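One structure below.
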Amino acid sequence: MFTCFFGHVKLQSHCCKRVHICYGLISDFSPLSAEESSRRFGIRPNDTDLWSHDSTVPRGSASVQLGCSVRRERESERERERERERERERETHCCQALTLSVLSDASFYVIKVYNEDNTSRAVEVPSDITARDVCQLFVLKNHCIDDHSWTLFEHLSHLGIERTIEDHESVMEVLSGWGVDTDCRLYFRKNFAKYEFFRKPLDFFPDHMVSISSEANGMVDHSQLIQTFLNSSTCPEIHGHLHAKEQSRKSWKKFYFVLRRSGLYFSNKGTSKEPRHLQFIADFSDSDVFTMLSAKKLHGAPTDYGFCVKPTKCSSARDLKLLCADDEQTRTCWITAMRLLKYGMQLYQNFIQPHQKQKASPMRSISENSLVAMDFSGQKSRVIENPSEVMSVAVEEGLSWRRKSCHRLSGHGSPSTSQNSLSNIALHLAQSWFHSKLSRDEAQRLITQQGLIDGVFLLRDSQSNPKTFVLSLCHMQKIKHFQILPVDDEGELFYSLDDGHTRFTDLIQLVEFYQLNRGVLPCKLKHHCARITL
């Protein structure tokens, strides 16, 4: 039985054709063939596609051509949209690669490294690269002198803290602990104090802060101090007073702290070391020690000698254990002891590894090994075999080159005092230890960043007297400033640190003298602060 109702529908399209549509209820119905359907209802087999060329409208009509054009336009638009989507995906992938992106082979990364003036450089590195490898890479790229003091720092700006990344640490593991929306950076700069405690342990561990519990007198033999730190069975005990910031409070309170191999503790009863009075603070198996950059300003600390213990996988300020010392020597002692407890023998391996490589394979080429000193002053050239004569000739050639440089800069004839001063300044600007417009505070910050050990220095312009220079020098973990005065002697300009008793023709000569002689300074000039552009 089949019941059918007929009607007319006007299609709202570019092709205004009337088509018979049937509405009905089908029961006990067997499908009709295509020929039967066409005979009964006038519907051709592909009338279901309204945009088909085989519809009942003649093939060459304008309406059909217009419909085909619209369909092609829509397909083109969809294809363009898919292409734009693919382009957006490629741009997103490239943007992610600028900071830290996994490349196609999934074994290389792109990291961004900064220096002191916040210029940066992005480099592609393998996934297993260490901090020492990154430093070696930038030393080669920037043609720096590799004195084994170049260091990679982890700088967390949102927390105001930073730390030395040890040479053996994996850089990718360090980056994996950073939060997504946090301001974290890698810095490349010198750190002369990185392994200085192996050479001069007395400067880092004062007698009143170090003891070994197994000894009867409670004191430690400093000649064996470092070996005791590296021994896994024993460990010196570091103790003393520190300021600690109480949890969820802004106030700081002074406690007596004890550092042992098992961790860091504080006493809730004076200086008592009894187990019932010691409360556990942190261990260093999954924590790192950081230096606080502005302890007073950011955290309200009583002094600027702040440091903190931070869990490796946490990036929130509430997870930090904030501590503060009364002076720089105390802070350095605690931080150095925590590094030794955490890494032990690995730090010593990091210290001796560069020196072992130098002994095993000295950095000299075949051509350099075949070089000899020659004298061309006479009618015939000769080989200089005496080492003392070779050294004196080299010094004389250096002085001769300097005099020629000054003469070229000052012009022909005898240079005036102002011309001589100008030429000397031009020579000074080319030296890596000379920092022209550096202020006193910036000089102190730069020396502090590059290591508070004896002999770290730089030269700069004087801000109070434009015609003079200043030598900034670190001694006993304190930075001192010495004014270099110009001395005019019968039209010739000299420089002096001791009111003219010792005179130098330029600052280069002055630095070379005090690198060999202490003179009026508290120590010799040893390590100069250098800045590079990445």
Side-chain angles (χ1 to χ4, degrees), residues 97-101 108-178 182-196 288-293 310 335 339 343 346-347 350-351 353-354 357 363 431-435 438 442-453 456-458 474 526-534:
L98 290 176
T99 52
L100 177 62
S101 63
F108 284 83
Y109 291 78
V110 175
I111 63 174
K112 184 180 285 188
V113 180
Y114 294 79
N115 68 349
E116 286 96 345
D117 61 0
N118 286 322
T119 60
S120 63
R121 186 170 182 175
V123 292
E124 180 183 327
V125 297
S127 58
D128 59 347
I129 195 168
T130 64
R132 183 192 293 276
D133 296 333
V134 174
C135 292
Q136 291 293 320
L137 178 64
F138 278 98
V139 165
L140 293 173
K141 284 183 177 292
N142 294 278
H143 307 287
C144 305
I145 297 175
D146 187 12
D147 55 2
H148 315 306
S149 62
W150 292 103
T151 309
L152 204 62
F153 286 84
E154 180 183 6
H155 183 94
L156 310 182
S157 301
H158 64 291
L159 299 177
I161 59 177
E162 74 173 14
R163 75 174 180 99
T164 297
I165 302 177
E166 305 298 345
D167 287 341
H168 68 278
E169 286 191 76
S170 169
V171 176
M172 293 303 113
E173 289 184 7
V174 173
L175 269 60
S176 66
W178 293 357
T182 55
D183 185 9
C184 305
R185 295 182 177 183
L186 296 175
Y187 275 86
F188 172 70
R189 64 171 181 262
K190 284 179 173 287
N191 182 14
F192 297 107
K194 182 166 56 173
Y195 299 125
E196 189 69 12
D288 296 303
V289 57
F290 284 76
T291 301
M292 295 164 61
L293 302 177
K310 174 187 170 295
I335 293 178
R339 289 175 61 203
Y343 298 108
Q346 182 63 59
L347 278 189
N350 295 345
F351 167 62
Q353 183 179 355
K357 286 184 177 180
M363 298 295 290
Q431 305 304 310
S432 56
W433 40 254
F434 187 74
H435 302 262
L438 206 65
E442 290 172 337
Q444 295 197 163
R445 183 180 61 84
L446 183 59
I447 293 177
T448 302
Q449 285 181 343
Q450 300 198 5
L452 291 175
I453 63 173
V456 178
F457 75 98
L458 60 85
C474 178
K526 190 174 182 181
H527 308 290
H528 69 270
C529 291
R531 281 179 168 176
I532 64 169
T533 302
L534 296 179

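Sequential numbering from 1 along the given sequence is applied to the chain's residues. All values derive from a computational prediction rather than experimental measurement.
- Scored by the side chain to side chain contact (heavy atoms under 4.5 Å, CB included) test, R445 finds Q449, R531 as partners (sequence neighbours excluded).
- When the shell of 6.0 Å around CD1 of I145 is examined, it contains 12 or fewer heavy atoms from other residues, nucleotides or ligands.
- With a 4.5 Å cut-off on side-chain heavy atoms, Q136 and D146 count as touching.
- When side chains are defined from C-beta on, V456 counts as touching H527, because their heavy atoms get closer than 4.5 Å.
- When the salt bridge (Lys or Arg N to Asp or Glu O under 4.0 Å) test is applied to E162, the partners found at least two apart in sequence or on another chain are R189.
- Ring planes of W433 and F457: tilted class, angle from 30 to 60°.
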Where do R132 and Q353 land on the side-chain contact (heavy atoms from CB on, under 4.5 Å) test, with the steps shown first?
CA-CA 11 Å; R132 183 192 293 276; Q353 183 179 355; 3.8 Å; yes
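- H435 places a side-chain N or O within 3.5 Å of a backbone atom of C529 that can act as its donor or acceptor partner.
- Considering H168, K194, H148 as possible partners of N350, the one that fulfils the side-chain hydrogen bond (donor to acceptor under 3.5 Å, both in side chains) test is H168.
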Take L159 and T182 through the side-chain contact (heavy atoms from CB on, under 4.5 Å) test and state the conclusion after the steps.
CA-CA 9 Å; L159 299 177; T182 55; over 6 Å; no
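- Note that the CD1 atom of I111 and the CZ atom of R121 stand 12.0 Å from one another [nearest 0.5 Å].
- When side chains are defined from C-beta on, L152 does not count as touching F138, because their heavy atoms never get closer than 4.5 Å.
- Checking side-chain atoms of E196 against main-chain N and O of L452 turns up no donor-acceptor pair under 3.5 Å.
- Open room surrounds CD on E173; 12 or fewer heavy atoms of other groups in view lie less than 6.0 Å from it.
- With sequence neighbours left out, R185 forms a salt bridge (Lys or Arg N to Asp or Glu O under 4.0 Å) with D183.
- Within the 4.5 Å cutoff, side-chain heavy atoms of I447 are placed close to those of L458.
- Panel note: side chain D117, backbone T119; a donor-acceptor pair is recorded below 3.5 Å.
- Panel note: side chain S157, backbone H155; no donor-acceptor pair is recorded below 3.5 Å.
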After noting the C-alpha distance and the side-chain angles of D167 and F351, does the key distance pass the side-chain contact (heavy atoms from CB on, under 4.5 Å) rule?
CA-CA 9 Å; D167 287 341; F351 167 62; over 6 Å; no
Could you go through the side-chain contact (heavy atoms from CB on, under 4.5 Å) check for V139 and F188 one step at a time?
CA-CA 10 Å; V139 165; F188 172 70; 4.2 Å; yes
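- To the nearest 0.5 Å, atoms CD1 (I161) and CG (D288) are separated by 9.5 Å.
- In this structure T164 satisfies the side-chain hydrogen bond (donor to acceptor under 3.5 Å, both in side chains) test together with N191, sequence neighbours excluded.
- Remark: S170 OG to I165 CD1 distance equals 10.0 Å, nearest 0.5 Å.
- Among residues two or more places apart in sequence or in another chain, the salt bridge (Lys or Arg N to Asp or Glu O under 4.0 Å) test is passed with K190 by D147.
- To the nearest 0.5 angstrom, F192 atom CZ is 9.0 Å from T151 atom OG1.
- For the side chain to side chain contact (heavy atoms under 4.5 Å, CB included) test, residues two or more places apart in sequence or in another chain that qualify with D133 are I129, T130.
- The pair K310-E154 does not meet the salt-bridge criterion, since no charged nitrogen lies less than 4.0 angstrom from a carboxylate oxygen.
- Contact record, Q450 with A530: NE2-O, 3.1 Å, taken as the closest heavy-atom pair.
- When every heavy atom of S127 is checked against every heavy atom of M172, the shortest pair comes out as O-CG, 3.2 Å.
- How far OH of Y343 is from CD of E169: 3.5 Å, rounded to the nearest 0.5 Å.
- Rounded to the nearest 0.5 angstrom, Y195 OH and E166 CD are separated by 5.5 Å.
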